[in-house]
Amino acid sequence: MIKFHRFTLDNGLKVIVHQDNSTPLVAVNLLYNVGSKDENPDKTGFAHLFEHLMFGGSKNISRFDEPLERVGGENNAFTNNDFTNYYLTIPKSNLETAFWLESDRMNELAFSEKSLEVQQSVVSEEFKQRYLNQPYGDTWLLLRPLAYKVHPYQWSTIGKELSHITNATMEDVKAFFYRFYRPNNAILVVAGDVTPNEIKTLAEKWFGSIPSGTPYVRNLPKEPLQTEARSLSVERQVPYDAIYKAYKMGKRTDIDFHATDLLSDILSNGKSARLYQRLVKEQKIFSEINAYLTGELEEGLFVITGKPFAGISLEIAEEALIQEIELIKNNPVSAYELKKVKNKAESMFIFSQIKVLDKAMNLALFELMGDAENLNTEASKYQNVTTDTIIRQAETIFNPDRCSTLYYRAIC
């Protein structure tokens, strides 16, 4: 069990403190409740752009990394559809440096034209290299708008198109910052050899005077129920054909999420999983195959993807895959299968709690999802899944009418 102390500053900043005296390092995790789903459909990619801009200098600090590195700290960040996360580790003796750095860029970024131009260029190159000029790189640029027609999950964190970033103005950037990068839209977690009292003192000193922003109330368009199968076929200069089948599933916070997660593991978690054993090893239809969840906070996708062996058409490969999907819907999962994936899930969960940074990240995520205390019951939720629940989820999710299929064909 992870014990923690929680308090909220007058400006709305939520603070969680986990005391761990076993390490000289302290992890500081600052989660902003803004992801790509919060963007204007005509100005996408801003959450990811800000991940870069936040390192470009603030009111009193020209370079974020430099003072942190001088005192032995490391930092990074990531953005997804639901939130943006900034994290660092630092020796306990230099902890106040972390509060100084994070509070200064929350208070006011530099907002220089030079910084904006530099980061626009960096993100543009990333867009080209990772999504346009890499084999299968545009998969999610194609699959998301196929699966989602209304909800903002229809675009990736990099954005819908390159022009949305290159055309971003200083006014756009400032408006985004002052709307979302406010203390009342953030969760600060500090984990390590610290006490709640000293963190409260530091939080008040460095973050307490930052003005609270206008409360952000999400009112995202709800994705209509998908009632017919969708498909898209493209041709690209890639070495092998590939197929991507995306089925609609529930939210990360739904009661059946853990059963759905275990269902994906039964199908594809290691070489003993069903899809590998049947379609790769025995039938030799696929050279590789995988199943996973997008795991988003709102209605997500259960994705099955594979590359057929040379000489096997996508149509034949898809038919074999569908047969395996129908099999798990109509045949009970063995107690052994379920126990195996439960043990793997529990092991992964335990390993994810070893480092103070991992614990800080997890506490922030679970607080965002409703209550950090739920982190302590996560493992038991996996252990409580039954074979009947697995079958019920398979029947619910693997509905052909709620599937979007991308056929990714190699040009001969």
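Side-chain atoms of Ser103 come within 3.5 Å of backbone atoms of Trp100 as a donor-acceptor pair (strictly under, hydrogens ignored). The backbone N or O of Ala147 sits less than 3.5 Å from a side-chain atom of Arg230, completing a donor-acceptor pair. Using a distance-only test at 3.5 Å, with no hydrogens or angles considered, a donor-acceptor pair links the side chain of His18 to the main chain of Lys3.
Evaluated for a ring-ring contact (aromatic ring centres under 6.0 Å, His included) with Tyr247, the options Phe398, Tyr292, Phe302 yield exactly one hit, Phe398.
Evaluation of the ring-ring contact (aromatic ring centres under 6.0 Å, His included) rule for Tyr87 yields no partner, not counting sequence neighbours. Under the rule for a ring-ring contact (aromatic ring centres under 6.0 Å, His included), the partners of Tyr131 that lie at least two apart in sequence or sit in another chain are Phe127. Under the ring-ring contact (aromatic ring centres under 6.0 Å, His included) criterion, Tyr216 pairs with Phe180, not counting sequence neighbours. Residues satisfying the ring-ring contact (aromatic ring centres under 6.0 Å, His included) criterion with His151, sequence neighbours excluded, are Tyr153.
Below 30°, between 30° and 60°, or above 60°: for Tyr181 and Tyr32 the angle between ring planes is between 30° and 60°, a tilted geometry.
Within the 4.5 Å cutoff, the side chain of Glu337 has no heavy atoms near those of the Ile390 side chain.
A cation-pi contact, defined as under 6.0 Å to the ring centre and within 45° of the axis, links Lys200 to Phe7.
Here side-chain hydrogen bond (donor to acceptor under 3.5 Å, both in side chains) pairs that include residues 393-403, with residues two or more places apart or in two chains, are Thr260-Gln393. Screening residues 140-150 for side-chain hydrogen bond (donor to acceptor under 3.5 Å, both in side chains), with sequence neighbours left out, gives Asn81-Arg144, Arg144-Glu296.
Annotation for Ser22 and Asp20: closest pair OG-OD1, 2.5 Å, computed over non-hydrogen atoms.
Side-chain rings of Phe111 and Phe177 approach one another, their centers coming within less than 6.0 Å.
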